[in-house]
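To start, the structure itself, in structure tokens.
Residue numbers begin at 1 in each chain, while the letters A, B, ... track the order of the sequences. Computed from a predicted structure; not experimentally measured.
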Amino acid sequence: MPLKVYNSLTKTKEEFIPITPPYVGMYVCGPTVSGESHLGHARPYITFDVVYRYLMHLGYKVRYVRNITDAGHFEEEGREAIDKIADKAILEKLEPMELVQKYTNLFHWAFRKFNTLEPNIEPTATGHIIEQIGMIEKLIEAGYAYENNGSVYFDVKKYAENYDYGALSGRVIEDLLETTRNLDGQEEKRDKADFALWKAAPPSHIMRWKSPWGEGFPGWHIECSAMATKYLGPYFDIHGGGMDLMFPHHESEIAQSTICNHTPPVKYWMHNNMITINGKKMGKSYNNVIKLTELFSGDHPALQQAFSPMTIRFFILQTHYRSTLDFSNDALIAAEKGLKRLMDGYENLKKLPLPTEDKSTTDADLDNFLQTKMNELEEFINDDFNTAKVLANLFEMVPTINSIKDGLIKSDAISSGTHHRLVEVFSIYIEQILGLINENETDDQFDGIMELLVEIRKDAKSKKDFATSDKIRKQLSALGVDMKDEKDGEISWNKR
RNA sequence: GGUUCCGUAGCCGAGUGGUUAGGCAAAGCUCUGCAAAAGCUUCUACAGCGGUUCGAAUCCGCUCGGAACCUCCA
């Protein structure tokens, strides 16, 4: 049952075969650290975290490279070429690198909370100016780029004569030449569709580097090409990013790398879909972003409450990564409750009594049901990372687990083999692959205090002193700890 | 305007030709000092119209509605 991934380049699901097994090179477009990350940013990094985790689970030796965009020129219609970092630095009255550090730290902080694994290499654009200049020189030498007034542009028309510019995004070059909007520096370009590789810096510009074409700063697309080539070679396995980056960013990356390295750069292109709010893509220019810090604190007019990082992770994984995902309070609240149900089920599973080795008590139908559900997990995750179906199957096993815990089903009704596999499979899928963790870990001191409170409450209950027992439960609940009376007279608790 | 995609029960969302997705919410029951949780049961949907087919949410056409990209963006 091979892993299949949907390749945006071929528009089909393809069997995943690494270029040089067991090694896998994966590049994911990282954040531009000119501001705080918002909910939309959580999608790609959580999606590709699962991809990374699963590939490692399969035994591949993955090199995961995710860049930090801390410099770069962006084109905007009707506006002068700007460097977003420099622009924001002036606004916040910070040294540009101070600003970059601030938001890089914030990004790392948020994604540690999401339990995403660190990439193996996290290169910065400013740390790779030399490599970018090197690539631009190669492009000029090859005749696919030209300099004008200290800026360098990629010659899209020329590229399109020999290669397919639009192979990834489905753009038709003729349309591009006609419909591309008027961007800054137009008069310097040979053609409207050409994109900047290097921009001459005006005197006021803070972030500037020496280059063969004078002082300036790099274009946006070249940074990813340069860093991906440097760390993953000219041809690597997976390139990931948001769908909104397909054009022009990834299309241009393909063009640049193809000329420089004489090979298309990527075997499998993977793109996650957008997170929307009220049906519209969440994005700065739409003025509808909810920052991650606001999500975690609940401090935003659109939020009814705070949502934990794991709730958001679960929310994202409940949907296939190639579908749009619409934000709403109701959907997040549902995710929060669903996650709790799953994690409670998992905790219950870990504490289940071991069944006997004797097979005579096994309920064959139930045992087969569980085995089938477990077998299907592999099928689903292999089907282009269908985490929604994986979660659905895990949920289908929860009632059985809870029933055994409550004594409604005898623990011996499942075979010991199934029991062992259940524990293993839940751990692998929930923790190792989906990266879901219990956010409310407690320490020994806390546990000790709770033990004492449980004892006192048990005591009160046995004396039918319900006033005391209710008071303990009520006040603990207000403090975020729920106490439950179990069927066997025991008292369990759990921290929210 | 061009290109592409989507429209699934109260809500969120899998599913792409024939069999109960799943989560949340709601109702009933069981359990229970109360509560919560849990278990069982119920609610069985595929925008509209037409076509292909023994059979369509799934394929095709049209209509309506929405989105993404064609600046920046995850």
Can you find a donor-acceptor N/O pair under 3.5 angstrom joining the side chain of [X] to the base of [N]?
| X | N | result |
| --- | --- | --- |
| A/Asn386 | B/rG15 | no |
| A/Arg473 | B/rC34 | yes |
| A/Asp485 | B/rC34 | yes |

Carboxylate-amine/guanidinium contact A/Glu486 A/Lys405, below 4.0 Å = yes
Short N-O contact, A/Glu455 and A/Lys458, less than 4.0 angstrom = no
Rounding to a whole Å, what distance do you find between [X]:[atom1] and [N]:[atom2]?
| X | N | atom1 | atom2 | result |
| --- | --- | --- | --- | --- |
| A/Phe395 | B/rG13 | CZ | P | 15 Å |
| A/Met270 | B/rA74 | CE | P | 19 Å |
| A/Glu253 | B/rC73 | CD | P | 12 Å |

Under a 3.5 Å cut-off for both distances, is B/rA67 Watson-Crick or wobble paired, and to whom?
-> B/rU4
Who pairs with B/rA21 - Watson-Crick or G-U, where each distance is under 3.5 Å = none
Donor on one side chain, acceptor on other, A/Asp384 and A/Tyr321, under 3.5 Å = yes
Could you tell me whether the phosphate oxygens of B/rC5, OP1 or OP2, come under 4.0 Å of any side-chain nitrogen or oxygen in A/Arg322?
-> no
